[in-house]
There are 2 protein chains.
Amino acid sequence: MSVTINQPKNKKQQLLDTALALFVNQGIYATSTASIAKTAGVATGTLFHHFPSKDALVLELYKNIKQEFALQIAPFELDATQLEQQAKVIWQQAIDWALANAEQQQFCLLVMQYQPLSANTKAQIFADEFGFLKEIMLFGQQHQLIANYPIELMLESAHGQFLTSSQFFINNTELAQDAKYREAAFNLFWQSFTR
Amino acid sequence: MSVTINQPKNKKQQLLDTALALFVNQGIYATSTASIAKTAGVATGTLFHHFPSKDALVLELYKNIKQEFALQIAPFELDATQLEQQAKVIWQQAIDWALANAEQQQFCLLVMQYQPLSANTKAQIFADEFGFLKEIMLFGQQHQLIANYPIELMLESAHGQFLTSSQFFINNTELAQDAKYREAAFNLFWQSFTR
DNA sequence: GTCTATAGTGAGATAGAC
DNA sequence: GTCTATCTCACTATAGAC
């Protein structure tokens with residue numbers, strides 16, 4: 001029975017954590033692999049032992065974050081008599097996650113415009129994350145609870161609204177616990193889709 | 001009376017045009033000043049004669065584009081009896097501009113996440129561009145035509161919706177002339193703000 | 001797995017002739 | 001204003017010892 005007590009976890013995780021912080025503060029391009037390694041208290045050779053390239057590190061970080069987020073916002077049985085209420089719970093969970101993981105959220109925004117990761121790669125990860133969202137929307141349309149607009153457009157719109165609202169609260173943390181703002185953000189989202 | 005007939009305009013404009021195309025295709029960081037100069041058929045020394053630095057070029061390009069856009073979406077006398085119709089005209093003009101100037105639109109998206117330009121600089125330019133939008137919203141609230149949510153949140157939301165929709169149409173040009181999609185995009189936007 | 005040292009590349013920017 | 005030539009530097013990635 002081997003019990004590993006690594007205060008600084010393994011160096012790989014240290015590198016991922018450090019990279020996240022630096023990427024968000026300086027941008028991905030502006031953050032050198034050397035600075036990631038140095039800040040993490042690790043040699044550059046070690047970084048390239050764990051990740052074949054800088055972009056591989058970026059991609060792994062991105063996948064990890066998206067996966068964590070998806071777990072947090074897990075869907076459940078849909079109920080046509082309470083769809084708005086259910087949507088509200090998911091929305092508030094998503095905003096809460098973004099607030100509690102502001103660095104992760106901002107990194108995702110950076111990755112969206114980071115061209116070395118192909119659009120296909122990102123679209124695939126996005127589809128995984130938002131698969132359940134599509135289910136909810138189709139369900140709502142079938143029960144005539146939300147508008148019958150093209151589903152791809154509605155998905156994009158919903159994603160955009162989430163990014164906008166979460167960014168707003170991250171940039172104005174003092175308003176994030178203000179019920180008035182929280183309610184307004186959800187209503188701006190939900191009203192879009194009403195018939 | 002001096003009439004200057006410069007086929008390739010002046011070299012400065014050539015550099016700006018070339019930079020825009022390269023930035024959108026490869027990203028801002030991934031585009032070297034050397035490649036901009038070469039593609040524009042100009043020497044690197046000439047580039048740095050017109051722009052003190054790469055970021056100065058980026059900034060000037062950004063300012064020019066935002067100014068052009070603002071001119072296109074010029075506001076007019078607001079009419080409380082026709083606010084939705086007026087909003088629709090502005091929205092469709094904005095989407096049309098984005099479609100006719102897809103490179104410009106995508107460049108603005110890149111700049112949003114380009115950290116060498118300070119957030120303040122960008123916020124200032126944004127405020128100029130969207131000043132009239134705030135007027136419209138306040139007007140709508142005063143006449144109880146749109147919801148009474150906090151104005152900063154509504155502005156961010158409106159901006160996000162515009163970015164989302166214009167990106168969607170740029171990525172799916174065949175749908176941009178489909179009235180069903182066009183109507184849906186505006187409704188998704190406008191419904192947000194209804195009371 | 002981790003380190004030190006460094007190879008190799010390409011970037012932004014400048015000098016100075018024309 | 002425009003050019004050629006070049007400086008200087010920082011970056012990604014590798015080699016090879018431990």
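In what follows, every chain begins at residue 1, and chains take the letters A, B, ... in the order their sequences are listed. Everything quoted here is computed from the prediction, not taken from an experiment.
Relative ring orientation between A:F189 and A:W91 is described as parallel, the plane-to-plane angle staying below 30° on a 0-90° scale split at 30° and 60°. Ring planes of B:F126 and B:H159: tilted class, angle from 30 to 60°.
Within the 3.5 Å criterion, the main-chain N or O of A:Q14 finds a donor-acceptor partner in the side chain of A:T18. Remark: side-chain polar atoms of B:K38 are not paired, donor with acceptor, to backbone N or O of B:T44 under 3.5 angstrom.
A:L22 has its CG atom 16 Å from the C1' atom of D:dA10, to the nearest Å. B:Y29 places its OH atom 16 Å from the C1' atom of C:dG10, with the value rounded to the nearest Å. Taking atom NZ on A:K11 and atom C1' on C:dC3, their separation rounds to 9 Å, with Å as the unit. Taking atom CG of residue A:L57 and atom P of nucleotide D:dC11, one finds them 16 Å apart after rounding to whole Å. At whole-Å resolution of the value, CD in A:Q13 and C1' in C:dG1 are 16 Å apart. For the pair A:K38 NZ and D:dT12 P, the interatomic distance rounds to 14 Å; values are reported in whole Å.
Ring-centre distance between B:Y149 and A:Y181: not below the 6.0 Å cut-off.
Applying the ring-ring contact (aromatic ring centres under 6.0 Å, His included) test between B:F162 and each of B:F69, B:W190, B:F168 identifies B:F69 as the sole match.
Residues from residues 42-54 of chain B placing a heavy atom under 4.0 Å of any atom in DNA chain D, listed by number, are B:V42, B:A43, B:T44, B:G45, B:T46, B:H49, B:H50.
Counting non-hydrogen atoms under 4.0 angstrom, B:S35 reaches nothing in the nucleic acid.
In terms of phosphate contacts, B:K12 brings no side-chain nitrogen or oxygen within less than 4.0 Å of OP1 or OP2 of D:dG1. Contact check, B:T33 against C:dG12: a side-chain N or O comes under 4.0 Å of OP1 or OP2.
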